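Hydrogens, waters and symmetry mates play no part in the numbers below; they use all other heavy atoms, side chains included. Keep in mind the model is a prediction, meaning the values are calculated, not measured. Count residues from 1 along the sequence.
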Amino acid sequence: MELVTNCSSCKKDIKVQSKAKTRPELQMEMGDEITLNCQNCGNFIKKHVNKVRAKVSNTMLLIAIGLGLVITVILWVFVGAIGTVSIAVPVIFWQQQEMVARGFNSYMIRRK
């Protein structure tokens with residue numbers, strides 16, 4: 001899961017460097033207002049925690065596809081023709097990432 005927000009001036013996505021899995025964790029880590037530097041235009045912007053959204057990480061999906069292929073090759077050698085594992089592992093990773101991102105995006109912090 002990646003945390004991103006939009007730059008006010010250039011409208012590009014800015015990554016928020018945090019390992020928080022929920023919006024309250026992000027608020028406890030960074031406060032109500034987050035100051036970010038846009039790598040595209042160089043502006044410093046302040047965003048409220050509610051303006052940060054989560055999206056599925058493509059690197060995790062690539063890792064899951066690689067893991068699925070390795071497991072498929074290993075099972076093919078020892079058990080026989082098992083093709084469903086190569087599809088099942090990335091789908092499980094993708095569903096988990098979607099659940100975490102949906103949970104993060106659905107909860108909002110009350111503004112003070």
Side-chain angles (χ1 to χ4, degrees):
M1 175 178 79
E2 294 177 344
L3 301 177
V4 295
T5 189
N6 285 340
C7 178
S8 304
S9 59
C10 68
K11 308 296 184 217
K12 299 285 185 181
D13 281 345
I14 303 170
K15 282 188 181 182
V16 178
Q17 299 297 325
S18 175
K19 297 290 183 184
K21 298 292 181 196
T22 62
R23 205 174 297 270
E25 286 179 16
L26 181 65
Q27 181 188 25
M28 286 174 39
E29 183 181 324
M30 298 188 152
D32 287 339
E33 295 284 330
I34 301 172
T35 303
L36 298 168
N37 183 16
C38 180
Q39 298 296 321
N40 191 37
C41 64
N43 287 341
F44 284 95
I45 58 169
K46 284 184 118 177
K47 291 284 186 170
H48 191 268
V49 177
N50 288 343
K51 297 290 183 183
V52 176
R53 68 185 190 284
K55 66 179 192 177
V56 176
S57 172
N58 291 334
T59 56
M60 286 300 291
L61 291 179
L62 290 174
I63 291 171
I65 289 170
L67 183 64
L69 291 175
V70 168
I71 291 173
T72 300
V73 168
I74 291 171
L75 288 178
W76 192 299
V77 170
F78 292 113
V79 179
I82 299 176
T84 59
V85 175
S86 64
I87 295 172
V89 172
V91 168
I92 291 170
F93 271 72
W94 176 75
Q95 285 178 339
Q96 188 272 339
Q97 288 283 311
E98 280 289 324
M99 273 189 347
V100 171
R102 193 177 319 122
F104 185 91
N105 291 334
S106 66
Y107 186 82
M108 295 291 183
I109 301 294
R110 204 167 73 185
R111 292 187 184 236
K112 297 175 186 174

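Arg102 pairs by the salt bridge (Lys or Arg N to Asp or Glu O under 4.0 Å) definition with nothing, not counting sequence neighbours. Listed by chain and residue number, Asp32 satisfy the side chain to side chain donor-acceptor pair (under 3.5 Å) test with Gln27 (two or more places apart in sequence, or in another chain). Evaluation of the salt bridge (Lys or Arg N to Asp or Glu O under 4.0 Å) rule for Lys51 yields no partner, not counting sequence neighbours.
Atom-to-atom distance recorded for Gln17:CD and Lys19:NZ is 8.0 Å, nearest 0.5 angstrom. In this structure, Met28 CE and Glu25 CD are separated by 7.0 Å, a value rounded to the nearest 0.5 Å. Here the CZ atom belonging to Phe93 is positioned 8.0 Å from the CD atom belonging to Gln96, to the nearest 0.5 angstrom.
Clustering ILVMFWY residues whenever any of their side-chain heavy atoms sit less than 4.5 angstrom apart, transitively, puts Leu67 in the very cluster that holds Ile74. Side-chain heavy atoms closer than 4.5 Å link hydrophobic residues (I, L, V, M, F, W, Y) into clusters, and following such links, possibly through other members, connects Val70 to Met60.
Cluster partners of Ile109, by chain and number: Met1, Leu3, Ile14, Val16, Leu26, Met30, Ile34, Leu36, Ile45, Val49, Val52, Val100, Phe104, Tyr107. The rule joins Ile, Leu, Val, Met, Phe, Trp and Tyr whenever side-chain heavy atoms lie under 4.5 Å apart. Val4 forms part of no hydrophobic cluster, judged by ILVMFWY side-chain heavy-atom separations under 4.5 Å.
Screening residues 35-45 for side chain to side chain donor-acceptor pair (under 3.5 Å) gives Ser9-Asn43 as the qualifying pairs, with residues at least two apart or on separate chains.
Distance alone, capped at 3.5 Å, places no donor-acceptor pair between the Asn105 side chain and the Arg53 backbone.
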